[in-house]
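Below, each value reflects all heavy atoms present in this structure, side chains not excepted, and no hydrogens, waters or symmetry copies. In this text the structure is predicted, and so the values were computed from the model without any measurement. Chain A is the first sequence line, chain B the second, and so forth, proteins listed ahead of strands; every chain is numbered from 1.
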Amino acid sequence: MTEPSKLPHRGVPEHQPAAGGIAARARAAAGPQYLSGLNPEQREAVETLDGPVLVLAGAGTGKTRVLTTRIAHILSQGRARPHEILSVTFTNKAAREMKLRLGQMLGQAVEGMPWLGTFHSIGGRILRFHAELVQLKSNFTVLDVDDQVRLLKQLLQAESIDDKRWPARMLAGLIDGWKNRGLTPSQVPSGEAAMFGNGKGGKLYASYQERLKILNAADFGDLLLENIRLFRENPDVLRQYQNRFKFILVDEYQDTNVAQYLWLRLLSQAPSRPGVPLSAIIPGAMDPAVIPGRAAGVNPESGDKEDSARDSGFAPAGAPRNDAGNPVAQPSPPKNICCVGDDDQSIYGWRGAEVDNILRFEHDFPGAKVIRLERNYRSTGHILAAASHLIAHNEGRLGKTLRTEDVDGEKVTVTGSWDSEEEARAIGEEIEELQRAGENLNEVAILVRASFQMREFEDRFVTLGLPYRVIGGPRFYERAEIRDALAYLRVINSPADDLAFERIVNVPKRGLGDATVQLLHDHARKRRMPLFEAARAVVETDELKPKARGSLRDLILQFDRWRAQREVTAHTELAEIVLDESGYTEMWQKDRSADAASRLDNLKELVRSMEEFENLQGFLEHISLVMDRDGGAEDEAVSLMTLHSAKGLEFDNVFLPGWEEGLFPSQRTLDEQGRAGLEEERRLAHVGLTRARRRAKLYFATNRRIHGTWSTTIPSRFLDELPSANVEITESKGGSGWGGAGGYGPSRFDNVESFGSSYATPGWQRAQANRNRGQAGRSGQARGGFEEGQSSFSGSRSDAFSGGGFSRNKRGPLVIEGELVAKSTGTVSEFSLDDRVFHQKFGYGHVVKIDGNKLTIAFEKAGEKKVVDSFVERV
DNA sequence: TTCTAGTTCGTTTTT
DNA sequence: CGAACTAGAA
């Protein structure tokens with residue numbers, strides 16, 4: 001421990017001068033206070049202000065600290081004023097965090113940093129200033145995925161393409177992918193464009209863009225792509241921003257996609273002299289001869305004949321040309337851009353992130369200074385060693401060696417379980433043990449590869465009464481009720497918002513179904529008017545049935561009234577009025593389902609959040625970009641999330657279940673991305689391990705239910721790749737809740753034994769051996785059908801039950817089996833509606849529906865479930 | 001138009 | 001095994 005100020009097991013030290021000791025005071029004397037406590041590399045990263053800088057910041061090395069300190073440094077050195085610094089992150093959370101820390105550091109609010117934000121929010125901001133230059137109005141709507149898909153469905157219909165064979169969602173994905181790669185419709189390689197909808201992919205993309213302009217809307221991808229187009233077509237505008245931004249900082253650079261890269265590239269060029277054509281700048285951003293994967297985005301007009309060459313990654317090596325086909329001039333030297341990232345944490349390749357961006361930084365930004373942060377202030381020795389050793393199996397990386405001065409700590413544990421349920425049980429018990437030992441549950445996290453793994457843990461925790469919180473999941477503004485409410489407001493704000501109108505015409509139900517909407521569409525198309533105006537016209541005719549006509553007229557009148565009220569009513573109040581008068585609130589109040597209450601809460605929250613904005617317009621402009629999930633949840637609880645959403649977080653105790661071939665690494669990724677996919681999965685594993693400060697615990701199960709059927713699995717190859725010196729194989733403690741027996745087949749033990757000795761052998765080789773053993777032990781698999789609950793009643797299962805699979809099962813008490821079989825034939829329920837009941841697994845709830853012996857119960861914690869009456873008792 | 005019974009098909013997710 | 005969607009009846 002040579003760093004006296006370091007706090008063991010904590011994140012990067014927060015240096016209070018008082019706690020710093022002599023050394024810290026000495027350092028403080030050497031420079032401004034905010035620099036004190038930085039290690040030499042961090043300090044270099046902060047102080048190297050001129051020219052391009054790449055900071056390779058390994059996990060837990062103080063990345064955010066460097067970024068914020070650097071901004072503080074720039075400001076305090078007087079090198080730039082706050083509005084001259086462009087600082088981009090990927091998530092709102094990261095942006096918020098930076099603002100917060102910056103505020104602390106500078107001792108005041110950072111309202112003066114208007115250009116600190118996400119790529120999308122900044123892109124959107126710039127776009128609004130110059131909307132007319134890209135055929136939009138400054139109040140354009142940002143579409144969510146739902147709207148996008150709905151719009152595409154219409155286009156598919158217009159082209160009479162079977163949306164069974166060519167789902168709109170798929171097209172949305174393709175378009176999104178193209179936009180991520182910086183490709184406008186004319187730039188998409190025709191081979192690729194033709195793959196969708198019998199060659200109509202490209203045409204659809206083009207008409208989609210056209211429709212967006214008509215609707216005065218942009219999707220997320222447009223916020224960047226249209227920005228790039230804006231810059232390309234308007235050199236003066238670009239120059240304005242180039243001049244403004246004296247410094248550019250980028251967080252999580254390894255996650256940037258091509259569009260983001262291009263955007264940064266444009267902005268980071270030194271301002272060109274007036275008169276120098278833009279073509280001198282742009283194409284230099286990409287050099288097809290060197291960046292095969294990007295070639296498609298480079299030579300937009302270079303002709304379709306080269307498609308095959310591009311697709312195969314071998315673009316012609318001729319001089320790059322710009323949009324006009326002119327030869328490329330030497331690009332001006334890039335200015336002060338500082339990118340921070342970690343190639344070992346690039347886990348969004350499947351979404352268009354280009355690891356290449358970070359790998360090729362030095363090439364892209366000549367003269368770049370590369371600074372490595374390798375001192376880890378987070379994890380103990382064993383954990384760090386395990387993570388480093390694992391990631392070292394990757395080839396495509398810049399290479400960093402993380403080190404810590406912390407103690408070795410506990411070894412990383414690997415535990416095998418019979419099946420996923422036992423895995424959940426084992427983890428549950430270990431967590432309770434930690435809790436008894438005085439650990440704070442906020443310092444416990446379970447990180448899973450796929451979200452379906454979460455349910456098992458939730459069930460278990462509800463049973464145990466262990467508080468937990470699921471991180472991630474649907475965002476606040478993605479929830480149906482929020483989108484519906486927003487749609488109402490959108491229609492009020494801009495009557496031409498067809499997508500919003502369509503969303504709510506029949507929500508709540510007004511008897512205005514497909515037929516009516518279709519009619520409106522026809523009208524709108526013929527007269528080239530928005531749906532809302534079409535509706536106004538149609539109501540005057542007798543084309544609609546009286547009932548539909550009446551309610552449509554009512555709806556229009558309501559909107560007219562609301563729009564009038566808008567002038568005289570506060571926007572929050574207006575929102576309440578709209579939600580009430582439209583019957584939307586009532587719809588949820590009448591809804592008997594379990595989450596209706598929380599939806600109403602969300603609506604209240606939405607209205608509350610509107611207060612932060614001056615008016616409806618301002619609210620709508622920002623809402624789709626910055627609205628985050630509800631924060632809340634201050635209570636002590638275990639965190640449950642996917643590995644992806646764990647990036648950037650840290651916990652004392654991290655549980656990593658499901659390390660099995662097929663699940664992790666995910667088979668699908670392997671199939672689709674091959675080796676690159678495997679490496680990304682490995683980085684994911686690395687991210688998982690490095691989330692842990694003191695304890696990292698890995699698990700694998702021998703049997704797991706995938707898509708409803710049980711299958712035998714084999715331990716993940718990543719387990720084999722861990723250094724045995726830092727790993728401990730432990731027994732599963734999960735056997736208890738099942739009345740003893742808890743034994744596993746010998747197979748599991750063999751697994752564990754062989755694990756320690758064979759970690760040098762290729763994983764899959766051992767996998768073969770294990771597979772055989774696994775099948776031998778399959779007799780126990782009937783267990784799958786043994787799960788309690790509704791499933792038991794869905795078919796001919798009684799044969800399976802009596803068939804004897806069970807008597808061989810050592811793990812379940814036969815009593816339950818007998819009970820299950822016996823009760824399942826009963827017909828008359830002894831329960832009545834609204835009875836309060838208790839269920840072993842789901843806890844308390846009340847009966848909302850009775851169907852023979854099947855009850856639908858709204859559980860207080862687990863939500864609404866169908867269960868068999870024999871599994872609950874009245875209380 | 002809407003409700004309900006059948007079918008399908010299963011990563012990861014920001015903005 | 002279930003959520004999420006789709007095709008027919010009320």
Under 4.0 Å between any heavy atoms, over every strand shown, what does [X] touch: base, sugar-phosphate, or nothing? Just pick one.
{"X": "A:Glu252", "result": "nothing"}
{"X": "A:Gly513", "result": "sugar-phosphate"}
{"X": "A:Glu478", "result": "base"}
{"X": "A:Ser666", "result": "base"}

Should [X] be listed as having a side-chain N or O under 4.0 Å from OP1 or OP2 of [N]?
{"X": "A:Asn506", "N": "B:dT2", "answer": "yes"}
{"X": "A:Asn92", "N": "B:dT15", "answer": "yes"}
{"X": "A:Ser645", "N": "B:dT12", "answer": "no"}
{"X": "A:Thr642", "N": "B:dT13", "answer": "yes"}

- Message: With salt bridge (charged side-chain N to carboxylate O under 4.0 Å, His left out) as the criterion, how do A:Arg668 and A:Asp671 come out once you've worked through the C-alpha distance, each side chain's angles and the decisive distance to 0.1 Å?
- Response: CA-CA 5 Å; A:Arg668 186 154 161 195; A:Asp671 291 346; over 6 Å; no
Rounded to whole Å, please give me the gap between [atom1] in [X] and [atom2] in [N].
{"X": "A:Ile175", "N": "B:dT15", "atom1": "CD1", "atom2": "P", "result": "22 Å"}
{"X": "A:Asp514", "N": "C:dT6", "atom1": "CG", "atom2": "P", "result": "11 Å"}
{"X": "A:Gln260", "N": "B:dT13", "atom1": "CD", "atom2": "C1'", "result": "13 Å"}
{"X": "A:Asp146", "N": "C:dC5", "atom1": "CG", "atom2": "C1'", "result": "14 Å"}
{"X": "A:Asn703", "N": "C:dC1", "atom1": "CG", "atom2": "P", "result": "16 Å"}
{"X": "A:Ile122", "N": "B:dT15", "atom1": "CD1", "atom2": "C1'", "result": "13 Å"}
{"X": "A:Ile126", "N": "B:dT15", "atom1": "CD1", "atom2": "C1'", "result": "16 Å"}
{"X": "A:His644", "N": "B:dT15", "atom1": "NE2", "atom2": "C1'", "result": "16 Å"}

Which nucleotide in [options] has an atom nearest any side-chain atom of [X]:
{"X": "A:Arg455", "options": "B:dT12, C:dG2, B:dT15", "value": "C:dG2"}
{"X": "A:His707", "options": "B:dG10, B:dT15, B:dT12", "value": "B:dG10"}
{"X": "A:Trp350", "options": "B:dT1, B:dT13, B:dT15", "value": "B:dT13"}
{"X": "A:Thr516", "options": "B:dT13, B:dT1, B:dT15", "value": "B:dT1"}
{"X": "A:Lys164", "options": "B:dT15, B:dT12, C:dT6", "value": "C:dT6"}
{"X": "A:Phe220", "options": "B:dT15, B:dG10, B:dT1", "value": "B:dT15"}

- If only atom types and distance count, is the side chain of A:Asn357 paired as donor or acceptor with the main-chain N or O of A:Thr256 below 3.5 Å?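 Looks like yes, one N/O pair under 3.5 Å.
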- Are any side-chain N or O atoms of A:Ser160 and backbone N or O atoms of A:Gln157, one a donor and one an acceptor, separated by less than 3.5 Å?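 Not confirmed, A:Ser160 side chain does not pair with A:Gln157 backbone.
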- Item | Within residues 676-685 of chain A or reaching into it, pairs that qualify as side chain to side chain donor-acceptor pair (under 3.5 Å) - sequence neighbours excluded |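 Applying side chain to side chain donor-acceptor pair (under 3.5 Å) to every pair that reaches into residues 676-685 of chain A, excluding sequence neighbours, yields A:Asn394-A:Arg682, A:Arg449-A:Glu681, A:Thr669-A:Glu681, A:Glu680-A:Arg683, A:Arg682-A:Glu721.
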- Span that lies between the P atom of B:dT12 and that of C:dC5, in whole angstrom: 15 Å
- Item | side-chain contact (heavy atoms from CB on, under 4.5 Å), paired with A:Glu226, selected from A:Thr184, A:Val134, A:Asp219, A:Ile126 | A:Val134
- Query: A:Phe718 and side-chain contact (heavy atoms from CB on, under 4.5 Å): which partner among A:Leu684, A:Leu678, A:Leu656?
  - Reply: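 Among the candidates, only A:Leu678 passes.
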- Is the shortest side-chain N to carboxylate O distance from A:Arg549 to A:Asp542 below 4.0 Å? no
Quick test: give all pairs of protein nitrogen or oxygen and nucleotides 3-9 of chain B nitrogen or oxygen below 3.5 Å, distance rounded to 0.1 Å.
none

- Message: Is any side-chain heavy atom of A:Thr713 closer than 4.5 Å to one of A:Phe700?
- Response: no
- Message: Let's go through A:Trp659 and A:Phe664 carefully: what are the C-alpha distance in whole Å and the side-chain angles of both, what is the deciding distance for ring pair (Phe, Tyr, Trp, His ring centres under 6.0 Å) to 0.1 Å, and is it a yes or a no?
- Response: CA-CA 5 Å; A:Trp659 285 45; A:Phe664 190 35; 5.1 Å; yes
- Between A:Phe90 and A:Ala515, just flag the one whose closest nucleotide in DNA chain B comes earlier from the 5' side. A:Ala515
